[in-house]
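Letters A, B, ... are given to chains in the order of the sequence lines, protein chains preceding strands, and every chain is numbered from 1. Everything quoted here is computed from the prediction, not taken from an experiment.
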There are 2 protein chains.
Amino acid sequence: MARRAGTTVQDRIVELIHDRELLPGAPMPTEPQLMDLLGASRNSVREAIRALQALGIVEIRHGYGTFVGRASLDVLTPSLTFRVRTGPGGGIRALHDLVEVRELLETGLIGDVVGTVSEARFAALDALVNGMAHDPGADRAFHALLYEGCGNELVLQLIGMFWDVYHEVGGVLAPPEDRTAQTVANHRRIVDALRSRDRDTAREAMRLHFRDVKQRIARGLSSSVERQPQPELAADR
Amino acid sequence: MARRAGTTVQDRIVELIHDRELLPGAPMPTEPQLMDLLGASRNSVREAIRALQALGIVEIRHGYGTFVGRASLDVLTPSLTFRVRTGPGGGIRALHDLVEVRELLETGLIGDVVGTVSEARFAALDALVNGMAHDPGADRAFHALLYEGCGNELVLQLIGMFWDVYHEVGGVLAPPEDRTAQTVANHRRIVDALRSRDRDTAREAMRLHFRDVKQRIARGLSSSVERQPQPELAADR
DNA sequence: CCTCATTTGTCCGTATGTATT
DNA sequence: TAATACATACGGACAAATGAG
């Protein structure tokens with residue numbers, strides 16, 4: 001039926017994008033066009049496109065058309081969120097791992113950007129720290145702004161994605177617990193360290209920030225395990 | 001029709017997994033069951049499941065059933081590969097960013113594992129270095145084995161995924177170019193540094209390893225740009 | 001504002017291939 | 001081997017959304 005047996009419709013659509021050298025934003029062939037291009041039924045084409053949409057490889061606009069996507073990492077957020085939530089121990093272990101990866105990335109990056117922060121950026125960072133008490137998005141913006149100048153788009157999206165997942169699943173596990181004062185202090189220490197232009201000081205400030213986050217997770221562990229002894233393998237079907 | 005208007009079939013299936021506390025490996029309801037559970041047709045259910053499969057949230061076994069997945073990161077490899085390949089400049093920039101993230105992770109991790117490597121692990125690492133000349137998978141196994149003991153499953157999968165993407169798209173951009181001698185030397189230097197139990201030495205050895213990789217990418221840039229002046233936005237449709 | 005063509009979204013019915021028992 | 005349960009695939013039809021005239 002298909003050109004080759006081992007090649008799925010999904011893969012052949014990706015091949016088509018590469019062969020025609022379609023760039024993100026370019027219009028994809030319509031469903032009927034793909035049907036006779038690939039020799040598949042409409043349902044098969046649609047299912048393949050749905051999978052590609054989930055991966056951010058195409059974007060679908062109802063009633064208008066399908067377009068090549070940019071495979072931004074934030075489409076993978078549901079996958080990571082699910083992975084963390086269904087991890088062993090109710091996800092606390094996975095959440096800890098997640099924060100540790102963020103720490104690894106940010107403690108490494110902070111050494112690269114120290115000394116390259118302009119006065120205008122310092123002002124913006126200060127403003128974000130001040131607004132952190134009432135604006136829940138200031139934290140995310142702070143970390144994004146820190147590494148904006150390093151020119152690595154991938155690591156920026158990775159850190160943003162990890163932030164999203166952490167706050168999404170963290171809200172499910174152990175809600176409020178007001179810690180704004182400590183959070184503000186931790187971030188202010190990072191800015192101060194950057195102002196000192198000293199690499200090791202900046203790294204240490206970043207480590208302290210994440211030490212607090214990890215402590216918060218460990219606390220959430222003891223309060224969420226109490227009513228979840230051991231979720232057995234699901235029985236009914 | 002649906003319980004709420006703004007909630008998609010896909011999201012409601014994920015809700016269902018969480019509500020029933022289904023763990024990875026547990027059987028999902030069959031398609032007919034999902035149809036009347038969600039009040040949707042077979043096609044809608046199937047398309048939603050396809051998207052969830054692409055994200056690794058469910059696993060489909062043909063002729064047998066659908067099961068809860070573990071959302072392993074390697075299902076996201078096609079997305080990252082696509083992102084790199086369609087990046088600006090034919091993907092060399094994105095490839096550089098990718099390797100830089102790997103460097104960030106591994107130079108940070110190597111400091112954590114130094115001093116925790118047993119004699120048996122040293123022997124295994126030596127064997128992998130020796131086999132690196134003819135076994136193409138030894139490189140990947142080497143980096144995986146390095147951080148196996150740190151207990152962070154997420155970072156292990158991340159490094160593995162980045163390795164896969166790098167070699168997959170790297171093969172498309174700038175093929176062979178024999179560099180095994182240098183590669184072997186770089187990895188042997190890492191093992192030697194670990195034997196010295198010195199954190200800074202190990203980090204430096206890791207940095208040298210990635211300096212070579214990044215140089216190789218820069219070389220691939222000059223040889224692939226020559227016949228790709230400026231790919232315009234796609235015109236025909 | 002309305003109409004129209006285009007495109008994606010949903011649904012139905014049916015037939016076929018596949019793995020388990 | 002046979003039966004059963006399941007996913008896979010196909011074709012046709014209508015609904016909903018978008019953009020152009």
A.B. asks: Remember a base hit wins even if backbone is also touched, and classify B:E31 as base, sugar-phosphate or nothing at under 4.0 Å, heavy atoms.
C.D. replies: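 Base, at least one base atom sits under 4.0 Å.
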A.B. asks: Protein-nucleotides 12-19 of chain D N/O pairs closer than 3.5 Å?
C.D. replies:
{"residue": "D:dA13", "atom": "N6", "partner": "A:R42", "partner atom": "NH1", "Å": "3.3"}

A.B. asks: If you take all heavy atoms of A:R12 and A:L37, which pair is closest and at what distance?
C.D. replies: NH2-O, 4.2 Å
A.B. asks: Check the distance between D:dC10's C1' and A:D36's CG and give it to me in whole angstrom.
C.D. replies: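 In whole Å, D:dC10 C1' lies 15 Å from A:D36 CG.
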A.B. asks: For a quick test of reading the model: is some side-chain N or O of B:S44 closer than 4.0 Å to OP1 or OP2 of C:dG9?
C.D. replies: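 No, B:S44 has no side-chain N/O under 4.0 Å of OP1/OP2 on C:dG9.
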A.B. asks: What's the CZ-P distance between B:R50 and D:dA7, to the nearest Å?
C.D. replies: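 Distance check: B:R50 CZ to D:dA7 P gives 12 Å.
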A.B. asks: Quick one: are B:E153 and A:R83 in side-chain contact, heavy atoms under 4.5 Å?
C.D. replies: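 Side chain of B:E153 against side chain of A:R83, heavy atoms only: contact under 4.5 Å found.
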A.B. asks: Does C:dT7 have OP1 or OP2 sitting under 4.0 Å from an N or O in the side chain of A:T66?
C.D. replies: no
A.B. asks: How many Å lie between CD on B:E47 and C1' on D:dA7, as a whole number?
C.D. replies: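 Between C1' of D:dA7 and CD of B:E47: 15 Å.
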A.B. asks: Could you give the CE-to-C1' distance, from A:M28 to C:dT6, as a whole number of Å?
C.D. replies: 17 Å
A.B. asks: Hey, is the main chain of A:N152 close enough, under 3.5 Å, to the side chain of B:D97 for a donor-acceptor pair?
C.D. replies: no
A.B. asks: Is any side-chain nitrogen or oxygen of B:R46 closer than 4.0 Å to OP1 or OP2 of D:dA7?
C.D. replies: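 Answer is no, no contact under 4.0 Å.
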A.B. asks: Pairing donors with acceptors under 3.5 angstrom, does anything connect the side chains of A:S44 and A:S41?
C.D. replies: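 Present: a donor and an acceptor within the cut-off.
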A.B. asks: Would you call the rings of A:Y64 and A:F67 parallel, tilted or perpendicular, taking 30° and 60° as the class edges?
C.D. replies: tilted
A.B. asks: How long is the line joining CD of A:E59 and P of C:dT7, in whole Å?
C.D. replies: 19 Å
A.B. asks: For the pair made of CD in B:Q33 and C1' in D:dC6, what is the distance, rounded to whole Å?
C.D. replies: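 In whole Å, D:dC6 C1' lies 11 Å from B:Q33 CD.
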A.B. asks: Check whether any side-chain N or O of B:T30 sits under 4.0 Å from OP1 or OP2 of D:dA5, and answer yes or no.
C.D. replies: no
A.B. asks: For residues 72-81 of chain B, which side-chain donor-acceptor pairs fall under 3.5 Å, sequence neighbours excluded?
C.D. replies:
{"residue": "B:S72", "atom": "OG", "partner": "B:D74", "partner atom": "OD1", "Å": "2.5"}
{"residue": "B:S72", "atom": "OG", "partner": "B:Q157", "partner atom": "OE1", "Å": "3.4"}
{"residue": "B:T77", "atom": "OG1", "partner": "B:D74", "partner atom": "O", "Å": "2.9"}
{"residue": "B:S79", "atom": "OG", "partner": "A:L55", "partner atom": "O", "Å": "2.9"}
{"residue": "B:T81", "atom": "OG1", "partner": "B:T77", "partner atom": "O", "Å": "2.8"}

A.B. asks: Between C:dT8, D:dA7, D:dC10, which one does the side chain of A:S41 approach most closely?
C.D. replies: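 Of C:dT8, D:dA7, D:dC10, D:dC10 is nearest to the side chain of A:S41.
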A.B. asks: For the CZ atom on A:R70, are there more than 12 heavy atoms of other groups (residues, nucleotides or ligands in this structure) within a distance under 6.0 Å?
C.D. replies: no
A.B. asks: From the options D:dA7, C:dT10, C:dT8, select the nucleotide whose nearest atom is closest to the side chain of B:I60.
C.D. replies: D:dA7
